[in-house]
Trainee: 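One structure follows; several queries about it will come next.
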Amino acid sequence: TQLLEQSPQFLSIQEGENLTVYCNSSSVFSSLQWYRQEPGEGPVLLVTVVTGGEVKKLKRLTFQFGDARKDSSLHITAAQPGDTGLYLCAGVTDSNYQLIWGAGTKLIIKP
Amino acid sequence: KAGVTQTPRYLIKTRGQQVTLSCSPISGHRSVSWYQQTPGQGLQFLFEYFSETQRNKGNFPGRFSGRQFSNSRSEMNVSTLELGDSALYLCASSLEGLRGSPLHFGNGTRLTVT
């Protein structure tokens, strides 16, 4: 069974703090996607990383794909209440093009 | 460009009944995939349809089935509903499917089984 372990499951911090969310697996992925989901809505794609070691930035969000393409991280700098939501990672497996999902990180940013 | 539309938004059914959910993808997208989302299990892949053919299937019992029409619209059917089927059901469309192209999700159908 291919697993994508996401941590932490829940994070509540004050506005202005920094945070990092991790997705780890023993499987190799051809690409990895990060989504954000707000209550009552479907997930919205934030970024796709494809190359091992790749770093992508989206304003205050920095995404990194591990060199071996087995893990990824999302770092948020100076978090704001608008960053509140459920963050999901999803990896496309090399072997059979299945999309494997992490369990999600519920992030709350308090003003 | 209209987004992914799922109907209905909310549904209440009783155990043993069956239900059909509908998903209209973004125009031009040929892939539709379905997911079950629950607080305990997270987002779980049900199946993917591409050009009317089921291309991938997750680990769900045969009570869960789907189909895709020639206009790419898709339906998902759950028969003999169980309490554990209560969940948010999401569909997503994409150009090329799960082989790397981004997924565009609808806002889901919230199914409650009593």
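Chain letters run A, B, ... following the sequence lines, proteins first, then strands; residues in each count from 1. Below, each value reflects all heavy atoms present in this structure, side chains not excepted, and no hydrogens, waters or symmetry copies.
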Trainee: Side chain to side chain donor-acceptor pair (under 3.5 Å) with B/Ser22: which residues, sequence neighbours excluded?
Mentor: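 Partners of B/Ser22 under the side chain to side chain donor-acceptor pair (under 3.5 Å) test: B/Arg73.
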
Trainee: Side chain from CB out, backbone as N, CA, C, O: work out which of these in B/Arg9 comes under 4.5 Å of a heavy atom of chain A, or both, or neither.
Mentor: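 Only the side chain of B/Arg9 comes within 4.5 Å of chain A.
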
Trainee: Taking side chain as everything from C-beta outward and backbone as N, CA, C, O, which of these in B/Leu43 sits under 4.5 Å from a heavy atom of chain A? Side chain, backbone, both or neither.
Mentor: both

Trainee: Taking CZ in A/Arg60 as the centre, count heavy atoms belonging to other residues, nucleotides or ligands within less than 6.0 Å. Is the count above 12?
Mentor: yes

Trainee: Using a heavy-atom distance cut-off of less than 4.5 Å, which residues of residues 35-47 of chain A contact chain B?
Mentor: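 Residues of residues 35-47 of chain A touching chain B at under 4.5 Å: A/Tyr35, A/Gln37, A/Gly40, A/Glu41, A/Gly42, A/Pro43, A/Leu45.
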
Trainee: Check whether more than 12 heavy atoms from other residues, nucleotides or ligands sit under 6.0 Å from atom CD of A/Glu5, and answer yes or no.
Mentor: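 Not buried by this count: 12 neighbours or fewer within 6.0 Å.
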
Trainee: Is the number of heavy atoms from other residues, nucleotides or ligands under 6.0 Å of B/Ile12 CD1 greater than 12?
Mentor: no

Trainee: Give a yes or no on this: more than 12 heavy atoms of other residues, nucleotides or ligands lie within 6.0 Å of atom CD of A/Glu15.
Mentor: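 More than 12 heavy atoms, drawn from other residues, nucleotides or ligands, come within 6.0 Å of this atom.
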
Trainee: Should we count CG of B/Asn71 as having more than 12 external heavy atoms under 6.0 Å?
Mentor: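 Buried by this count: over 12 neighbours within 6.0 Å.
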
Trainee: Tell me, side chain or backbone of B/Gln6 under 4.5 Å from chain A's heavy atoms, or both, or neither?
Mentor: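 Neither; nothing under 4.5 Å.
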
Trainee: Report the distance from atom CZ of B/Phe105 to atom CG of A/Leu88, rounding to the nearest 0.5 Å.
Mentor: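 Answer rounded to 0.5 Å: 8.0 Å.
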
Trainee: Taking everything shown except B/Lys13 itself, do over 12 heavy atoms lie less than 6.0 Å from its NZ?
Mentor: yes

Trainee: Please check if atom NZ in A/Lys57 has more than 12 non-hydrogen atoms from other residues, nucleotides or ligands closer than 6.0 Å.
Mentor: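 Result for NZ/A/Lys57: open.
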
